[in-house]
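Here the structure comes first, spelled out in structure tokens, and everything after it is commentary.
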Amino acid sequence: MSDSGMEALLARIAGARVLCVGDAMLDRFVYGAVDRISPEAPIPVLHVGREAAMPGGAGNVVRNVVALGAQAGFVAPIGGDTAGGELRSMLAAMAGVDAELVEVAGRQTTVKTRYIAQGQQLLRADSETAGPVDAVARSRLIEQAVAAMASCQVVALSDYGKGALGEDVAEQIIAAAARAGRPSVVDPKGADYRRYAGASVVTPNLRELALASGMTVQGDEQVVAAARRVIETCGVGAVLATRSAEGMSLIGRDGTVSHVRAQARAVFDVAGAGDTVVAAVAAALAAGATLEQAALLANHAAAIVVGKIGTAVATVPELLAAFELPGGVAHAAKLMTLDQAVERAARWREAGQRVGFTNGCFDLLHPGHVSLLHQARTACDRLIVGINSDASVRRLKGEGRPVQSEAARAAVLASLSDVDAVVAFDDDTPLSLIEAVRPDLLVKGADYTEETVVGAPFVRGYGGRILLAELSPGHSTTATIRRLRPAGQPAQG
């Protein structure tokens, strides 16, 4: 597929809608630090720093669909408990998601709690009711799914073996999708894939493929043979086998075979990578892609999420950068919202990296700016730069400023290798941004003192450090603008 074709596909996904059905769960993450062993037992003591929660399981498929720019319908059972209510609220707050959650009396919503220190999982604790839902709930699930198909182009089934797709639920939904002319993509579970008969494609990993086929799966030939057995015995249209470091293999009922080799990236956490694959395949098919094109997109999306810690998603800017498309150069992924920057900073710290922060208007980037940014990046592992929005610059500098728009200033900063993230803020000061990001290092120029640096008391309060970078004399945005103005015209700010 050409670069322009992939760019067009990513653009079309914005108009697509995917119906996700499966096992909803709540993913909790407890982050902290370990610096001693318990005197009570040979186990580490986790000093908890923060906690986070997000939709997991089939809910993470929904998150990935939306991150790709598509819309998602979501049908899943939950318990009438606190976790179920929390999950319902999270989904209701997500733009582009229409969730129809079926509350099942006496059922416990699945909660997976992961305890993490220094970027590594120490323990996972699960609370759940696993097993088929009752007949009334099954009927409601099927009814809701069939009704939602009318507004969706593709149906994605995420089977975690918790019971949402148990009994005949999967079969009926796949059959209904076929009658409605909707392709169905299944992330399977268990050894018997006959209950997915009629599915357009199933996406097992190697262990799952070996279990379903009863064959060994070492090397291309064995993977293809195992996939063909699944296709023949279970009645599915194709198998997209995810092979970790070996990439993916797509085997079709028509005999076609395509091996998509893995993208070389650092692997921090494989949790949720299968959700990303099924979401990317479904979203691509909903946008009119072929299975081969969908597999290529899914391969790049999976490579992105395994480079993150925890249950993660692949975004359109990250994929544009991965494909090195026009408008998707590497710096595009550095342009972040506040929420994205907070999440990214947390992931960097969990990987043992020190996060630095500096800010400014950066209206006309000059050598003084470059020197400050380089000094900041040298003193930390990752550097986040806050820039004043256009309205904020105007309030601070006066009419006629900024000379360059917020988007232009952010793009120039993001193109620098010393910068890892750029976030715009609308306030007069970056204090709220600093409080949200909680940098390990706060950097300003040496024309400040620690007492006058915004956010310094807050950062020092949790053990962070303040760096006053040396200034490069003779460089000033205001002076540069003054030199560019016609004689007699006053400079603003």
Side-chain angles (χ1 to χ4, degrees), residues 22-23 57-58 61 154-162 165-166 168-171 173-175 177-178 183-264 267 270-282 284-285 289-303 305-306:
D23 294 295
V61 176
V154 172
V155 179
L157 278 67
S158 177
D159 194 348
Y160 270 78
K162 307 301 182 184
L165 298 174
D168 63 345
V169 176
E171 294 96 318
I173 292 175
I174 291 170
S184 52
V185 182
V186 180
D187 189 359
K189 202 74 172 179
D192 188 357
Y193 286 9
R194 288 177 296 180
R195 58 200 185 95
Y196 307 128
S200 304
V201 58
V202 294
T203 62
N205 59 34
L206 283 184
R207 183 184 59 80
E208 292 166 337
L209 179 59
L211 183 64
S213 64
M215 300 172 65
T216 55
V217 288
Q218 297 178 358
D220 290 354
E221 291 185 5
Q222 289 187 355
V223 168
V224 171
R228 284 176 171 161
R229 175 173 291 184
V230 168
I231 291 170
E232 293 166 2
T233 60
C234 302
V236 299
V239 171
L240 177 61
T242 58
R243 302 174 57 186
S244 188
E246 296 298 319
M248 300 179 180
S249 293
L250 177 64
I251 299 91
R253 175 172 288 279
D254 60 1
T256 58
V257 175
S258 176
H259 299 294
V260 184
R261 297 309 176 191
Q263 301 301 303
V267 177
V270 298
D275 302 330
T276 300
V277 170
V278 71
V281 170
L285 293 178
T290 65
L291 262 178
E292 289 79 7
Q293 293 166 343
L296 180 62
L297 179 65
N299 189 51
H300 280 77
V305 299
V306 298

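- Using a 4.5 Å cut-off on side-chain heavy atoms (C-beta onward), Leu291 and Leu240 make no contact.
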For the pair Thr256 and Ile251, evaluate side-chain contact (heavy atoms from CB on, under 4.5 Å) and give the outcome as yes or no after the intermediate values.
CA-CA 6 Å; Thr256 58; Ile251 299 91; over 6 Å; no
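- For the pair Met215 and Ala225, the tightest heavy-atom approach, listed with the atom from each and the gap, is CE-CB, 3.7 Å.
- Nearest heavy-atom pair, Tyr160 versus Gly57, reported as atom, atom and distance to 0.1 Å: CE1-CA, 3.5 Å.
- The backbone N or O of Val236 sits less than 3.5 Å from a side-chain atom of Arg253, completing a donor-acceptor pair.
- Listed for the Asn205 side chain is a donor-acceptor partner under 3.5 Å among the backbone atoms of Glu208.
- Although no hydrogens or angles enter the test, the distance criterion places a donor-acceptor pair under 3.5 Å between the side chain of Asn299 and the main chain of Arg261.
- Taking the side chain as every heavy atom from C-beta outward, Val185 and Leu285 approach each other to under 4.5 Å.
- Under the 3.5 Å distance criterion, the side-chain polar atoms of Ser200 are matched with a main-chain donor or acceptor of Ser184.
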If you apply the rule side-chain contact (heavy atoms from CB on, under 4.5 Å), what do you find for Asp187 with Val277, and how did you get there?
CA-CA 9 Å; Asp187 189 359; Val277 170; over 6 Å; no
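- In this structure, CG in Leu297 is found 9.0 Å from NE2 in His300, a value given to the nearest 0.5 Å.
- Within the 4.5 Å cutoff, the side chain of Ile174 has heavy atoms near those of the Val186 side chain.
- A donor-acceptor pair under 3.5 Å is absent between the side-chain atoms of Thr216 and the main chain of Gln218, judged by distance alone.
- Contact of the Leu209 side chain with the Val230 side chain is registered, since non-hydrogen atoms from C-beta on lie closer than 4.5 Å.
- Taken to the nearest 0.5 Å, the OG atom of Ser258 stands 11.0 Å off from the CE atom of Met248.
- What you find for Ala58 and Gly22 is that their closest heavy atoms are CB-C, 3.8 Å.
- Taking all atoms of both residues into account, the shortest heavy-atom contact from His259 to Arg243 is ND1-NH1, 3.7 Å.
- A salt bridge is absent between Arg228 and Asp254: the closest approach of a Lys/Arg side-chain nitrogen to an acidic carboxylate oxygen does not fall below 4.0 angstrom.
- Within the 4.5 Å cutoff, no side-chain heavy atoms of Val239 are placed close to those of Val201.
- Gln293 places no side-chain N or O within 3.5 Å of a backbone atom of Ala289 that could act as its donor or acceptor partner.
- Closest non-hydrogen pair, Ser249 versus Val223, comes out as CB-CG1, 4.0 Å.
- Once rounded to the nearest 0.5 Å, the distance linking CG of Leu206 with CG of Leu211 reads 12.5 Å.
- The shortest distance between side-chain heavy atoms of Asp275 and Ser158 falls below 4.5 Å.
- Annotation for Val305 and Ala273: closest pair CG2-CA, 4.0 Å, computed over non-hydrogen atoms.
- At a cut-off of 3.5 Å, with distance as the only test, a side-chain donor of Tyr196 or Asp159 sits close to an acceptor on the other residue.
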